[in-house]
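The structure under discussion appears below in the form of structure tokens.
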Number of protein chains: 2
Amino acid sequence: MKKVTLNDVSRAAGVSRSTASLVLRGNPRIPEATSDRVRLAMAELGYVYNRQAANMRRSESMTLGLIVTDIRNPYFAGLTMTIEEAAHDAGYTLFVGYSRDDVERQYLQLETMVQQQVDGIFLLPATGSELAPVCGIIDRSSVPVVQLARYFSEELDYVGPDNVAAGQQLAQHVSSLGASTAVLVGGPEHSSARTERIKGLETGFTGSGVAFDASLSAATTNNAAGGSEGVARVLDQGIWPDCIVAYSDAVALGIYAELRRRNLDPGRDVSVASFDDITMAELLLPPLTSVSTYPELIGRRAAELLLNRIRDPALQPQRSLIEPALKVRASTAQWRPRT
Amino acid sequence: MKKVTLNDVSRAAGVSRSTASLVLRGNPRIPEATSDRVRLAMAELGYVYNRQAANMRRSESMTLGLIVTDIRNPYFAGLTMTIEEAAHDAGYTLFVGYSRDDVERQYLQLETMVQQQVDGIFLLPATGSELAPVCGIIDRSSVPVVQLARYFSEELDYVGPDNVAAGQQLAQHVSSLGASTAVLVGGPEHSSARTERIKGLETGFTGSGVAFDASLSAATTNNAAGGSEGVARVLDQGIWPDCIVAYSDAVALGIYAELRRRNLDPGRDVSVASFDDITMAELLLPPLTSVSTYPELIGRRAAELLLNRIRDPALQPQRSLIEPALKVRASTAQWRPRT
DNA sequence: CTGTTAGCGCTTTCAC
DNA sequence: GTGAAAGCGCTAACAG
């Protein structure tokens, strides 16, 4: 089966190429009879609209790119799905790449997407991303980029949770429990999200009577394996805090598992709290206290921002922070200070 | 910044357009000096290779499409990531769409991808997919499609777990526990995977002394909410089986939660087993017995198959089944028959 | 080894 | 209301 073009269609329908093109775009100046004839011919010949050709001519591609680290983390999965939905609703098709938190891989994916002429890019940056190489890739085609959930530059748009506020909320809750020590476990080192959460925790704990030393915090990969490893590192130093604050729910999963391997009972022997509030948090035993960071809101906001910037590239770089909300559950609520 | 073309580059480097094009593709017949000059010019001018234009000319797009239902299910997330990796490694960029198990949405996404001239499509079909409408979309451009994990037609390639074998393995294990009744909970009705798992369970339970009645099985959405709902429906009928077989680990999560809401202890009051063996299965309390269906293997195999078919469209439709493996954990191993 | 030429399928003026 | 012509950026075939 060879390709059917608008040319073929117009010939079959007895009209000119440009007329057929106008029918496609629903131009009202074409009489009903003509456009019906064209449409019939399309159906009969099995015509497929070729967006590549159209896009080449109009010099836009109606495609967007999304690069995220890893969607096995349900938080990123939710974010990704929201963005796909927004892109789809706006008529865009979405290229997706998973950097697996590898900067080089991420740069390659950026480059490919730029070559594919994407109209804009959502980037959840891999740890270690830098402005210079990214600009080296995107500036040549001046593709707008929105940073998601983490940022490495103030010169590009950014949408993410208000991590400082999230940390403060958590700190306040933990100190209200009567805990006297807290430790952060996990999260990618040097990531903006981690730095901000630490900052929020520090300010929140200040003057609360809870000892929190960020330098004890073990940075790890952002998944269950990281959580197990991180909590092991802490406990093996002989530190046994009243509260373990996980960098994320994904990390908290591993923390639960490692605690149990050591015959410690999360929520009783030590309280556990976390960030993100993925669906799982509520289903765990004990249900996990977590600060919700609303990936759906972040995704929608990011999509709005990117579409606006595509329309008007001259806008100032924007930062949009989503207000977090603490969800108290048994992993902290059931815990009682040692006497 | 306006677009830099090969034309500009060749002019700047003092060579012809075709020479510049040959340099791009690393043609060895071009002398070092010339190609260095061309590359220098590219860097200086900020040239970006335009794949759309190249692809239009060569009538291939070096893009593939992937449509899955929902990646918040870690099983599908893993599958998706594997496929992205394979596509990337083969030099393809991947369009991704999430159908959210909505057939109409899926058809729209298929159509868009076809219009974008994808060279091939991975499809994890939404419940209710039918051959006729799908062919109506894909046949016009004869894009090859590989079905993933579920199938609705024998005329398209398919790669998925051997669900019948998986069901049999689980049935055999459950009967070896001394259980006398088992019920399946959840999973999308009429999906091939569910039908096959039921078939495997039925044949596996035959003559084993375990009563298994597939008509008691409650079909639900393939997620935790579905699991809670499904197990509630079963228990509310006054049925209290020795073993609850979840359609998938995602569903099992909801089953654990609902059992606990009713003060039942999964793994003691009732044994629970499942399919997929996502990472979470091992981290749950009690750890969940599950039949691993290896999404990474499925993804890799599917990618191979699709790439082969792109090269040779005339191949017979293939079915490739991945051998499952039972992972026994405490959710069944700790359970003892009521006396 | 390099240059010229003719499109890929569509959109967009601008005449008729 | 409809048609003709030009061209988006690249590649491939062929001639020098």
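Any value given below was found using the heavy atoms of this structure, including those in side chains, with hydrogens, waters and symmetry copies removed. In what follows, chains are A, B, ... by sequence order, proteins preceding strands, each numbered from 1.
- Checking the phosphate oxygens (OP1, OP2) of C:dC1, no side-chain nitrogen or oxygen of B:Thr19 falls inside 4.0 Å.
- B:Arg72 and B:Asp70 are joined by a salt bridge, as a carboxylate oxygen and a charged side-chain nitrogen come within less than 4.0 angstrom of each other.
- Following rounding to the nearest Å, B:Asn50 (CG) and C:dC8 (P) show an atom-to-atom distance of 18 Å.
- With no hydrogens or angles considered, no side-chain donor-acceptor pair links A:Ser191 and A:Arg150 at under 3.5 Å.
- Atom CD1 of A:Ile83 and atom OH of B:Tyr98 lie 9.5 Å apart (nearest 0.5 Å).
- A:Gln52 approaches B:Ser61 most closely through the heavy-atom pair NE2-CB, 3.1 Å.
- Interatomic distance, B:Ile322 CD1 to B:Glu296 CD, rounded to the nearest 0.5 Å: 11.0 Å.
- If you take CD of A:Gln52 and P of C:dC10, they are 12 Å apart, rounded to a whole angstrom.
- For residues 9-17 of chain A, proximity to DNA chain D is found at A:Val15, A:Ser16, defined as any non-hydrogen atom under 4.0 angstrom from a strand atom.
- A:Leu22 places its CG atom 12 Å from the P atom of D:dG1, with the value rounded to the nearest Å.
- Checking C:dG3, D:dG1, D:dC10 against the side-chain heavy atoms of B:Ser18 singles out C:dG3 as nearest.
- Residue A:Lys3 contributes atom NZ, which lies 12 Å from atom C1' of C:dC10 at whole-angstrom precision.
- Atom CG in B:Leu6 sits about 14 Å away from atom P in D:dC8, given to the nearest Å.
- Note: A:Phe95 and B:Phe95 have parallel aromatic rings, judged against thresholds of 30 and 60 degrees for the angle between ring planes.
- Side-chain proximity of B:Ala54 to D:dG3, C:dT11, D:dC10: nearest is D:dC10.
- Residues A:Asp101 and A:Thr127 bring a donor and an acceptor atom of their side chains to less than 3.5 Å of each other.
- The side chain of B:Tyr47 has D:dC10 as its nearest neighbour among D:dG1, D:dC10, D:dG3.
- Under the 3.5 Å distance criterion, the side-chain polar atoms of A:Asp157 are left unmatched by any main-chain donor or acceptor of A:Val146.
- Within a heavy-atom distance below 4.0 Å of DNA chain D, the residues of residues 56-64 of chain A found are A:Met56, A:Arg57.
- Between the side chains of B:Gln116 and A:Thr63, no donor-acceptor pair of N or O atoms lies under 3.5 Å.
- Neither OP1 nor OP2 of C:dC8 sits under 4.0 Å from any side-chain N or O of A:Thr5.
- Atom pair B:Leu24:CG and D:dC10:P shows a separation of 8 Å (rounding to whole Å applied).
- Going from atom CG of B:Leu45 over to atom C1' of D:dG9 covers 15 Å, rounded to whole Å.
- Look at CG on A:Asn7: it is 9 Å from P on C:dG9, rounded to the nearest Å.
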